[in-house]
Structure formats: C-alpha cells, structure tokens
Amino acid sequence: MAKAEYRSAIRSRRLISAALVDLLLKKPLDKITVTDVVNRAEVNRGTFYAHFVDIPAVLQHLIESTFSVLREALSAQDWPLSEVPHVLLSQVQSLLEEDLPFYQKLMSSSAAGMMCDQLVSVAVDYLLQRKEDFFAGSQQEYELAIRFCAGGLSNLYRDWFAGKLPCTLNELTQKGEEFLCSIIANAQKT
C-alpha cells in the first residue's frame, strides 16, 4: 500500500510540475494561479496542496530537481582542477539546452533569482568540498573567491537570457570556462 501511495505522490508532483512548465510557456508567472495549474494537471486542489504550498514552491521543486542532476554529475568523480570549469559549465549548458524556451521564460520572471541562487549553491557547495585541492589560502579567502565567481556566473546567465550579451550559449560557456580557469590559476599562485 505504501509503495502505491509513494508512486501516486510522485505522479502528482510530476503532473503539477509539468502543468506549471506548460503554463509558464504560455503566460507570465505572476498571472498563473493554482486553479490554472490544477486544471492543466487534471488534479484537484487538495492534491496540489498536499504537495505544494503555492506556485513558488512548485518552481522551487522544479529548479531543485533540475540542479540535482548537476550535483550528481559533479559528484560522480573527483574531477581534476583543470576540468572543473568545463564540467560545471558544460553541464549547466546541457541542462539549459534541454528546454531553452522554459528557462527563457523562467529567467525573465520573478523566479530568476531562485534559479540563480540554485546555480550559485551548486557551484559553491562543490567547490567548498574541494578547497584542499584547489586553494592554499585561508578558508575565508577561498569562500569569498568562489562565491564571487559563482555569483558572477549566475549573473552572466541572467544577462544572457535577458539578451544583454551578444553571444551564443556555447560562446558564454567557453568564455566562462576561460574566466574560471584563469581565476583558479591565479588563486593557486598566491
């Protein structure tokens, strides 16, 4: 019985999440209501509220699910320092390319901050675990450096989605890799 309930809960969360994604492609986030989502998902309000408090909670679930793939890819092996920028940014690019129209809408909505925060969190968490491999300075210096880099990268993605950067996503990834590699190289010299 518990297994069937578990499958039902997963199915309900998927239906609700998919409905929100569909709706976000059709109208602005601030115009989407719980009624819209439950109608699109073909579930009742009680099912929605059994899993989520509100629309932002569904978005948070979607974003965390998306970035859990990135967390898994980073933790799959101990990447050499020289590979970390490539692995991190190519994984971000792959995630974005899977559903570019959705991420375009998401990054132009009030949820852009949630998306950027999650990107920063993934990068910072991973790099904090690898401090001994990457940086000889103090913990405080290291943490400030990686938070600065991760925040800058998340803002580059935000600007790219806003059309403020005259480059392709692939070019952004390549330039980001070069930038991170140079910062890491400089950090190791001190």
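Everything numeric in this text was worked out from a predicted model, so none of it was measured.
Here the side chains of Val37 and Leu23 are in contact, with some heavy-atom distance below 4.5 Å. No side-chain heavy atom of Tyr49 sits less than 4.5 Å from a side-chain heavy atom of Val53. Residues Tyr157 and Thr173 are in side-chain contact: their nearest non-hydrogen atoms beyond the backbone lie under 4.5 Å apart.
Between the side chain of Trp160 and the backbone N or O of Leu172 there is no donor-acceptor pair closer than 3.5 Å.
Interatomic distance, Phe161 CZ to Ser109 OG, rounded to the nearest 0.5 Å: 11.0 Å. Distance OG/Ser65 to CZ/Arg13: 9.0 Å, rounded to 0.5 Å. Summarising the geometry, atom CG belonging to Leu119 is positioned 6.0 Å from atom OG belonging to Ser154; distances are rounded to the nearest 0.5 Å. Rounded to the nearest 0.5 angstrom, Phe179 CZ and Leu153 CG are separated by 7.0 Å. With rounding to the nearest 0.5 Å, the separation of CG in Leu106 from CG in Leu100 is 11.5 Å.
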*Could you walk me through whether Glu97 and Gln93 pass the side chain to side chain donor-acceptor pair (under 3.5 Å) test, one step at a time?*
CA-CA 6 Å; Glu97 287 175 335; Gln93 180 177 343; 3.0 Å; yes
*Evaluate the side chain to side chain donor-acceptor pair (under 3.5 Å) criterion for residues Ser108 and Arg158: first the C-alpha distance (whole Å), next the side-chain angles of each, then the deciding distance (0.1 Å), finally the verdict.*
CA-CA 8 Å; Ser108 65; Arg158 185 182 290 197; over 6 Å; no
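Among Lys26, Arg45, Lys27, the one residue that satisfies the salt bridge (Lys or Arg N to Asp or Glu O under 4.0 Å) test with Asp36 is Lys27.
Between Glu143 and Arg147, at least one side-chain N (NZ, or NE/NH1/NH2) sits under 4.0 Å from a carboxylate O, which counts as a salt bridge.
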